Amino acid sequence: PPHSSPGPLPRFPADFLWGVSTSAQQIEGAVDEDGRGRSAWDAFTAVPGRVKDGTDSAVATDHYHRYREDVALLAELGAGAYRFSVSWPRVLPDGTGRVNAAGLDFYDRLVDELLAAGVQPLPTLYHWDTPQPLEEAGGWLVRDTAHAFAAYADVVAARLGDRVPRWITLNEPAEVTLLGYGLGVHAPGRQLLFDALPAAHHQLLGHGLALQALRARGADSVGIANSHGPTWPASETAADRDAADLYDLLLNRLFADPLLLGRYPDEELAALLPGPVADDLKLISQPLDWYGINYYQPTRVGAPDPATPTTDFGGIPLPPELPFAPREITGRPRTAFGWPVVPEALTELLTAFRDRYGAALPPIVITENGCSYDGVEDPERIAFLDAHLRALHDAMAAGVDVRGYFVWSLLDNFEWAEGYAQRFGLVHVDHETLTRTPKASFHWLRDALRAQR
Ligand code: GBH
């Protein structure tokens with residue numbers, strides 16, 4: 001049968017960090033409670049047509065009220081760590097200035113609950129929920145937002161830093177830039193194409209400033225979670241190779257190079273960025289303790305073909321003037337989202353990172369990997385995780401220093417522009433009753449983690 005596991009997983013190092021990931025906007029709900037401010041995603045989902053099934057994250061999984069039950073699930077799974085995100089508008093309703101004590105209290109309770117359950121907290125400070133007042137002032141297109149983000153990081157670290165040694169600054173600035181400001185399919189819904197690039201630079205600057213603030217508060221270990229995947233040229237023609245190279249530049253090198261090498265990958269592109277870029281790069285490239293990678297799949301890219309214009313990018317409508325066009329990867333199983341399943345591209349990605357960045361590459365943590373499938377019986381998710389963990393082990397056997405792996409996600413949740421239609425959870429959530437039911441993959445992972453001990 002196609003989904004049976006080829007046997008026990010290979011052994012990972014004894015101190016390997018096993019965890020699962022979530023984010024505030026996708027699970028918390030309680031958007032109007034205890035003084036939380038509005039986020040750019042609250043504003044975005046209020047516009048008809050932005051989310052496929054017309055839903056929003058007002059309730060989501062109601063984790064804000066059910067976090068004890070969710071921490072109990074983490075303990076049952078045997079997760080060593082839990083990557084969650086702190087909602088910036090819950091802590092600072094206006095984005096800057098006034099601190100909402102009740103918002104901080106929630107994360108305080110959550111951290112204590114995790115520690116009591118023996119699960120290490122790994123907070124991400126920004127997972128896409130920009131406070132709406134800051135978004136209205138230009139969001140990541142303006143430099144002030146980077147400074148506001150660092151001030152927020154300081155507030156959170158001042159409260160949780162006595163119990164939380166490890167932090168993530170940003171989640172996937174590439175997707176925020178591309179999907180949020182470039183194509184407009186995510187909040188804030190701007191369609192600026194290449195004029196979105198300042199959002200990339202200001203997020204990276206925000207990362208650098210927040211990293212400084214976290215260190216000043218005594219943080220032991222700081223990383224970032226970036227979206228990466230290999231880019232495959234659609235053919236060997238020069239046109240297709242150039243198009244694929246540009247896409248790879250925008251998704252991968254635009255974010256990894258400044259962080260790890262202290263420079264932008266392309267002079268022409270760097271010239272389009274605002275501010276004292278050379279000085280900013282010093283902040284952006286401060287040493288990281290580890291580098292987080294969210295891996296989902298490779299992308300096959302070619303030159304736009306006027307005869308067959310690309311209108312769709314995994315469900316995302318694309319403007320015709322883009323200089324690259326995604327092409328289908330054929331001959332692969334697909335998740336319920338339609339994304340191709342290509343585990344060995346994770347090995348390819350990691351060895352390519354090692355080759356490009358060499359000694360400049362800190363240890364890697366896979367901060368997200370997972371898939372959308374329906375049902376509580378989910379043999380496809382088991383096969384997906386099994387195959388990706390083997391691919392990860394292959395990269396480690398080839399000498400790539402990987403220290404941890406986090407499944408996206410603990411719970412079925414609010415999947416952004418897809419609403420509740422896509423289910424990435426190890427735990428099924430009935431979105432009517434909010435009942436949690438561990439899936440077959442939850443039990444599989446629990447047993448696999450036990451076997452590693
Ligand atoms: C992550 O983004 C997010 O961090 C998380 O919040 C989200 O819930 C999770 O992944 C699942 O989506 O196959 O060519 O259509 C992932 C960013 C962007 C990766 C779109 C996959 C699909 C490209 N994703 N991409 S294609």
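Indexing begins at 1, ligand by ligand and atom by atom, following the structure's order. Because the structure is a prediction, the values reported are computed rather than measured.
Every side-chain hydrogen bond (donor to acceptor under 3.5 Å, both in side chains) that Arg143 has, sequence neighbours left out, goes to Asp280. Remark: Glu69 pairs with Arg66, Arg436 by the side-chain contact (heavy atoms from CB on, under 4.5 Å) rule, at least two apart or across chains.
Between Trp444 and Asp386, the closest side-chain pair of non-hydrogen atoms falls below 4.5 Å.
When each atom of ligand 1 is checked for a heavy atom of Glu368 under 4.0 Å away, the hits are 1 (C), 3 (C), 4 (O), 5 (C), 9 (C), 10 (O). Counting the atoms of ligand 1 from 1 in the order shown, those under 4.0 Å from a heavy atom of Phe424 are 11 (C), 12 (O).
Geometrically, ligand 1 and Asn171 share a nitrogen or oxygen pair separated by less than 3.5 Å. The shortest N/O to N/O separation between Ser23 and ligand 1 does not fall below 3.5 Å. At least one N/O-N/O distance between Trp416 and ligand 1 falls below 3.5 Å. Backbone and side-chain nitrogen or oxygen atoms of Gln26 are examined, and one is located within less than 3.5 angstrom of a nitrogen or oxygen of ligand 1.
For His207 and Thr169, the side-chain atoms include at least one donor-acceptor pair closer than 3.5 Å.
By heavy-atom distance, the residue among Tyr296, Trp339, Tyr295, Phe337 lying nearest atom 20 (C) of ligand 1 is Trp339.
The 12-atom threshold is not exceeded at CG of Asp32, counting heavy atoms of other residues, nucleotides or ligands nearer than 6.0 Å.
Ring centroids of Trp18 and Phe12 are separated by less than 6.0 Å, placing the two rings close together.
The shortest heavy-atom distance from His127 to ligand 1 is under 4.0 Å.
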